[in-house]
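For reference, the structure is listed below as structure tokens.
This structure is a prediction, so every number in the text was calculated from the model and none was measured.
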Amino acid sequence: LLDVPLALTLGAPLPAFSLPALLLALAARRRRRVRDLAAADAAAPGTGAGAAPAVAGVLVGRTEPASGVVSLRLAAADGSALPSWEPGAHVDLHLPSGRVRQYSLHGDAADRSGYEVSVLHDPAGRGGSAEVHALPVGARVGIGLPRNRFPLVDAPAYLFVAGGIGITALLPMIEAVAAAGAPWRLVHRGRARSGMAFADDLEARHPDRVRVLPGDTTPRPDLPALLRSVPAGGAVYCCGPPGLLDAVAAAMLTACPQGELHVERFAAPAPVHGRDTAFRVVLPRAGTVVDVPAGRSMLASLRGALPGTPASCETGVCGSCVMRVLAGRPDHRDDVLLGAERDRVDVVYPCVSRSHDPLLVLDA
């Protein structure tokens, strides 16, 4: 409030005095906040992935398991063992162009000599899949730490529903539950058999548990019937395009109230938010203030002041653009934070999120 009379008297632009005072106050409290956030990061490693690759990697092998799909084997450039991972995990792949993309890990989780990922070429995408498909053996890439927002839970039985390339996230889960002797079934849906990676192998090894349903030759699966057969406490895992995930989620309400649904999305669902308003972002370490207009994302606005700001999906799904908040209330519009996490005021995902307050202060 002191800004108005002082600015009018001295002819200084707004905000003339409250912003410097705010920055001094933030500097005084930053050490405690950084200590608290470091402790939180230690409890949840990898939440800040995307800022820099954890491992200098090299492409040591590539195959084409289906039309339009390439599978890569990645190893550490120095030959060292890669970090361990569990079913459901994914990694950031830092491409030679500077692009960062996320892919699900599959293959033998006990084999730390390399990682395996598979990528569908998306001609309408932002260039990441095209670059991956053009990588030759020997290409150098950066590999992020494995992160798992899609963990395999203990359950009396499992139903896996895969759509297209979504099968990659489910492959290590299937191997784990099969090895444990747990009851499971897989429904694998795709546009055409030729483009359904790993379908032949899965069907050959588990003929009584796997149903491969190409869209060009078979009708859509009866999801309610499938879900009604899930026993009490059973886990339903689904990964694929939004239409499939939405259909399974809708059918769960009436056909499978006894089960628990776990999904991983390729892209965020259609947003349902209020009207965008402009706000300002203070960057104490950069020593600048960034205006975020109503029609522009926070991430896009920040890139002028922070050109190295990491991001992968840019749809609020992957979490790679996470930034720490020092003051202000984030308007969380991502699909990373769930449930009570959406009340957090210490982090924000600027690719899609905004601010409830006119001023948001980030640790940058």
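Judged by distance alone, the side chain of R149 and the main-chain N or O of A89 form no donor-acceptor pair under 3.5 Å. A distance-only check finds a donor-acceptor pair linking the side chain of S129 to the backbone of D122 [under 3.5 Å]. Put simply, the side chain of R354 gets close to the backbone of T277: a donor and an acceptor are under 3.5 Å apart. Checked by atom type and distance alone, the side chain of R112 pairs as donor or acceptor with a backbone atom of L82 at under 3.5 Å. Judged by distance alone, with hydrogens and angles left aside, the side-chain atoms of E64 form no donor-acceptor pair with the main-chain N or O of S71 at under 3.5 Å. For the pair D357 (side chain) and L359 (backbone), a donor-acceptor distance under 3.5 Å is absent. Formation of a donor-acceptor pair under 3.5 Å by the D201 side chain with backbone atoms of A204 is not found in this model. A donor-acceptor pair under 3.5 Å links the side-chain atoms of N148 to the main chain of P87, judged by distance alone. A distance-only check finds no donor-acceptor pair linking the side chain of H106 to the backbone of G88 [under 3.5 Å]. Side chain of R62 to main chain of L135: a donor-acceptor pair is present (N/O by atom type, distance under 3.5 Å, no hydrogens or angles).
Residue V347 comes nearest to V325 through the heavy atom pair C-CG2, 3.7 Å, listed as atom of the first residue, atom of the second, then distance. Summarising the geometry of A66 relative to S194, their closest heavy-atom pair is CB-O, 3.5 Å, with the distance given to 0.1 Å. Closest non-hydrogen pair, A169 versus F150, comes out as CB-CE2, 4.2 Å. When all heavy atoms are compared, the tightest approach of P221 to L213 is CB-CD1, 3.7 Å. Contact record, H188 with M196: O-CE, 3.2 Å, taken as the closest heavy-atom pair. Here the closest heavy-atom approach between residue R285 and residue D363 is recorded as NH2-O, 2.6 Å.
A salt bridge links R126 with E314: at least one charged nitrogen is closer than 4.0 Å to a carboxylate oxygen. A salt bridge between R147 and D92 is present, with a side-chain N of the basic residue lying under 4.0 Å from a carboxylate O of the acidic one. A salt bridge links R99 to E131: at least one charged side-chain nitrogen sits closer than 4.0 Å to a carboxylate oxygen. Salt bridge status for R333 with D331: present, with a side-chain N to carboxylate O gap under 4.0 Å. The pair R296-D291 does not count as a salt bridge, with every side-chain nitrogen at least 4.0 angstrom from each carboxylate oxygen.
Atom CG of L360 sits about 9.0 Å away from atom CG of L326, to the nearest 0.5 Å. Separation of atoms CZ (F198) and CG (L186) is listed at 12.5 Å; rounding is to 0.5 Å. Taken to the nearest 0.5 Å, the CE atom of M173 stands 10.5 Å off from the CG atom of L171. Taking CG from L302 and SG from C351, the interatomic distance works out to 11.5 Å, rounded to the nearest 0.5 Å. Atom CG of D276 sits about 11.5 Å away from atom OG of S355, to the nearest 0.5 Å. Atom CG of residue L223 and atom CE of residue M252 lie 11.0 Å apart, to the nearest 0.5 angstrom.
Inter-residue side-chain proximity for H356 and F279 is flagged as unmet; no heavy-atom pair is nearer than 4.5 Å. Side-chain contact between L74 and L59 is present, with at least one heavy-atom pair separated by less than 4.5 Å. Using a 4.5 Å heavy-atom cutoff, the side chains of P284 and V282 are in contact. Proximity of Y349 to S320: side-chain heavy atoms (C-beta onward) are nowhere separated by under 4.5 Å. Put simply, the side chain of L283 does not reach to within 4.5 Å of the side chain of V289, judged on heavy atoms. By the 4.5 Å heavy-atom criterion applied to side chains, D246 and V248 are not counted as neighbours. Using a 4.5 Å cut-off on side-chain heavy atoms (C-beta onward), S297 and P350 make no contact. I167 has its side chain within reach of L202: a pair of non-hydrogen atoms, C-beta onward, lies under 4.5 Å apart.
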Test side chain to side chain contact (heavy atoms under 4.5 Å, CB included) applied to S118 and E116, step by step: CA-CA 7 Å; S118 294; E116 294 182 24; over 6 Å; no
Would you check, one step at a time, whether the test side chain to side chain contact (heavy atoms under 4.5 Å, CB included) holds for E260 with V236? CA-CA 6 Å; E260 183 177 353; V236 179; over 6 Å; no
Would you please test Y115 and V55 for side chain to side chain contact (heavy atoms under 4.5 Å, CB included) and show each step? CA-CA 12 Å; Y115 288 159; V55 177; over 6 Å; no
R209 and E203: salt bridge (charged side-chain N to carboxylate O under 4.0 Å, His left out), yes or no, with the steps? CA-CA 8 Å; R209 298 181 182 272; E203 197 172 46; over 6 Å; no
Given the rule in the side chain to side chain contact (heavy atoms under 4.5 Å, CB included) test, do V100 and L95 qualify, once you have shown the distances and angles that lead to the verdict? CA-CA 6 Å; V100 181; L95 301 173; over 6 Å; no
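With sequence neighbours excluded, the residues satisfying salt bridge (charged side-chain N to carboxylate O under 4.0 Å, His left out) with E175 are R205. With sequence neighbours excluded, the residues forming a side chain to side chain donor-acceptor pair (under 3.5 Å) with D78 are S80, listed by chain and number.
Each of V132, V70, V69 was evaluated against L120; a single residue qualifies, V69, per the side-chain contact (heavy atoms from CB on, under 4.5 Å) test.
Residues L245 and L227 share a single hydrophobic cluster, defined by chaining ILVMFWY side chains whose heavy atoms lie under 4.5 Å apart. Side-chain heavy atoms closer than 4.5 Å link hydrophobic residues (I, L, V, M, F, W, Y) into clusters, and following such links, even through other members, never connects V60 to L93. Residues V292 and V348 fall within the same hydrophobic cluster, defined by Ile, Leu, Val, Met, Phe, Trp and Tyr side chains chained together at heavy-atom separations under 4.5 Å. In this structure, I143 is a member of the same hydrophobic cluster as V117, with clusters built from ILVMFWY side-chain heavy atoms closer than 4.5 Å. The hydrophobic cluster containing I174 also contains V153, counting ILVMFWY residues as joined when their side-chain heavy atoms lie under 4.5 angstrom apart, directly or transitively.
In the displayed structure, E341 atom CD is contacted under 6.0 Å by more than 12 heavy atoms of other residues, nucleotides or ligands. Annotation: D216, atom CG; neighbour count of heavy atoms from other residues, nucleotides and ligands within 6.0 Å is above 12.
Looking only at atom types and distance, the side chain of R189 has a donor-acceptor partner in the side chain of T218 under 3.5 Å away. Under 3.5 Å, the side chains of S229 and R185 contain a donor-acceptor pair of N or O atoms.
Using cut-offs of 30° and 60° for the angle between ring planes, the H262 and Y237 rings count as parallel.
Aromatic ring centroids of W184 and H206 lie under 6.0 Å apart.
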